Chemist: 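One structure, as structure tokens, below. Some questions next.
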Amino acid sequence: MSKSGFGVSTIPSTGLTTLTQAQLNAWAVQAKAQTQGSQLPDYIPLLAQANSTWFAVEIRGINGQMLSAGDITLSFPLMSVVKPFVLLFLLEQSGAQAVFAFVGMEPSDEPFNSLTQLEADQGWPRNPMINSGAIALANRLPGSDARSRCETLRQWLNQRSNCHLFLDEAMLKSVRSLPNERNRAIANRLAESGYVDSMETALDTYNHVCCLSGTVADLSSLGLLLVQNYKAILPENRRLVNSLMTTCGLYQASSRFAVQVGVPTKSGVSGAMLSVVPSQGAIACYSPALDEAGNSKAGLFLLRQLAQALELSVFG
Ligand code: GLU
């Protein structure tokens, strides 16, 4: 694996493989500056204890190239970045027809934990990237309790992507330390509409998988599962996950971002962010300072720079 940079070959003038370490370093400095004066989410106490100026990025290409910058030793919970991987796991295990019997494919303009959206849809979870859809899918993971379901997912992901995700027990305790009435009401509504059988187990599984944690190296390895022709994942499943990340991955900012940047991306309230550049590589970012929609400020900034300069948009 080369650590010397992506810019060895001079033939293509755009694309992820043309990125140099010097370019990445320069954008990383600018990205970190975006975190000044930011707030952290306070509904999970441990997330509020993060340092809002933390920033790390790692980029992996399909041919083993790797570039990184920032505090790459930091580990963090995936939170909502786990959602595409719960979906991917279930698609691989049971196929699209079975999975989309329990969750939709439509984007939502409401926040990620909106009960209003779920009510408006008569209890039908709109998509797997928002809490209602992810709680419904957590309920489909195999296993009798939250811990064993989370462990099955963790092992599958670690084996497939050669990463080292672990369950952050302290984070899980912190998630459970304050009542999350919104998620509870969502799970309850899903149970009423029949998309969840045991609301407690579904919610507990969702909380567990959100606390799967790792570094940007783990996240970029994980991201390669979604990069075309790289790993043993069915192409149609990869396409489904990448499309849903494009249309639903950044909460209510998804469609604007798809138009302006055009790279399948999923963010989480921890400040984790993963972008997939099909056929090229994966970009993993961690920076806990969030914007109003709940997306990492520095992560979005960096991705905009990369996408623009390297012409990464999937729309050509
Ligand atoms: N566990 C978090 C929640 O449900 C995850 C949300 C997110 O990362 O968007 O509030």
Side-chain angles (χ1 to χ4, degrees), residues 39-50 75-87 103 107-118 125-139 141 146 149-150 153-154 165 167-190 196 199-214 219 222 244-245 248-254 257 265-275 284-297 299-300:
Q39 302 282 318
L40 297 174
D42 57 5
Y43 73 102
I44 299 174
L46 257 189
L47 290 185
Q49 285 177 28
S75 60
F76 51 88
L78 298 181
M79 289 290 155
S80 281
V81 178
V82 81
K83 290 172 180 168
F85 296 100
V86 172
L87 174 63
V103 70
S108 166
D109 282 334
E110 295 288 328
F112 65 96
N113 57 359
S114 173
L115 183 61
T116 319
Q117 182 72 74
L118 188 61
R126 263 202 172 216
N127 72 65
M129 303 295 156
I130 53 176
N131 288 12
S132 57
I135 293 170
L137 290 189
N139 185 61
L141 289 171
R149 289 176 179 183
C150 179
L153 178 69
R154 188 185 77 86
L165 296 178
L167 175 63
D168 184 338
E169 300 281 358
M171 190 59 66
L172 182 60
K173 200 166 162 205
S174 184
V175 166
R176 288 164 158 172
S177 69
L178 295 180
N180 188 329
E181 297 305 344
R182 191 67 72 91
N183 283 351
R184 180 157 284 278
I186 287 174
N188 205 21
R189 185 68 185 86
L190 289 168
V196 148
M199 153 214 172
E200 291 295 344
T201 310
L203 196 54
D204 201 22
T205 306
Y206 170 75
N207 286 335
H208 273 71
V209 298
C210 283
C211 292
L212 286 176
S213 302
L219 187 53
L222 210 50
L244 284 161
M245 281 170 74
C248 313
L250 294 173
Y251 316 119
Q252 59 275 43
S254 303
F257 191 80
T265 297
K266 184 74 199 87
S267 64
V269 287
S270 55
M273 207 176 99
L274 174 68
S275 303
C285 246
Y286 170 58
S287 180
L290 305 182
D291 65 14
E292 314 71 54
N295 296 313
S296 171
K297 280 177 150 183
L300 283 186

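Just follow the structure's listing: the first ligand is 1, and inside any ligand the first atom is 1. In this text the structure is predicted, and so the values were computed from the model without any measurement. Index from 1, following the sequence.
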Chemist: How about V209 and L167: do any of their side-chain heavy atoms sit closer than 4.5 Å?
Modeler: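 The answer is no, as the side chains (C-beta and beyond) never meet within the 4.5 Å cut-off.
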
Chemist: Pairs of nitrogen or oxygen atoms closer than 3.5 Å, one from S267 and one from ligand 1: do any exist?
Modeler: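 In fact, backbone or side chain, S267 has no N or O that close.
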
Chemist: So, the side chain of S267 versus the backbone of S296: is there a donor-acceptor pair under 3.5 Å, distance only?
Modeler: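 Answer holds: no.
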
Chemist: Relative to ligand 1, is N183 under 4.0 angstrom through side chain, backbone, both or neither, heavy atoms considered?
Modeler: side chain

Chemist: Which atoms from ligand 1 have a heavy atom of G268 less than 4.0 Å away?
Modeler: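 The list of qualifying atoms is 8 (O).
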
Chemist: Numbering the atoms of ligand 1 from 1, which are under 4.0 Å from a heavy atom of S80?
Modeler: 5 (C), 6 (C), 7 (C), 8 (O), 9 (O)

Chemist: For a quick test of reading the model, state the closest non-hydrogen atom pair linking F112 to I130 and the distance between them.
Modeler: O-CB, 3.5 Å

Chemist: Which atoms form the tightest heavy-atom contact between M129 and P84, and what is the distance?
Modeler: CE-CA, 3.8 Å

Chemist: Could you check whether S108 and Q117, counting side-chain N and O atoms only, form a donor-acceptor pair closer than 3.5 Å?
Modeler: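 Yes, side-chain donor-acceptor contact under 3.5 Å.
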
Chemist: What I want to know is whether S270 and ligand 1 share at least one N or O pair that is separated by under 3.5 angstrom.
Modeler: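 In fact, backbone or side chain, S270 has no N or O that close.
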
Chemist: Using a strict 4.0 Å threshold on nitrogen-to-oxygen distance, state whether E200 and R184 make a salt bridge.
Modeler: yes

Chemist: Provide, to 0.1 Å, the distance between atom 4 (O) of ligand 1 and the closest protein heavy atom, together with that atom's residue and name.
Modeler: Y206 OH, 2.7 Å

Chemist: With the threshold set at under 4.0 angstrom, would you say N113 reaches ligand 1 through any of its heavy atoms?
Modeler: no

Chemist: Hey, looking at atom 2 (C) of ligand 1, which of Y251, F112, Y43 has the closest heavy atom?
Modeler: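 Considering heavy atoms of Y251, F112, Y43, the nearest to atom 2 (C) of ligand 1 sits in Y43.
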
Chemist: Tell me yes or no: between the side chains of N131 and Y206, is some donor less than 3.5 Å from an acceptor?
Modeler: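 Checked: N131/Y206 side chains pair up, N/O donor to acceptor below 3.5 Å.
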
Chemist: Counting heavy atoms only, which part of C210 comes closer than 4.0 Å to ligand 1: side chain, backbone, both or neither?
Modeler: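 The answer is the side chain.
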
Chemist: Answer side chain, backbone, both or neither: which part of N131 comes under 4.0 Å from ligand 1, heavy atoms only.
Modeler: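 For N131, only side-chain atoms sit under 4.0 Å from ligand 1.
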
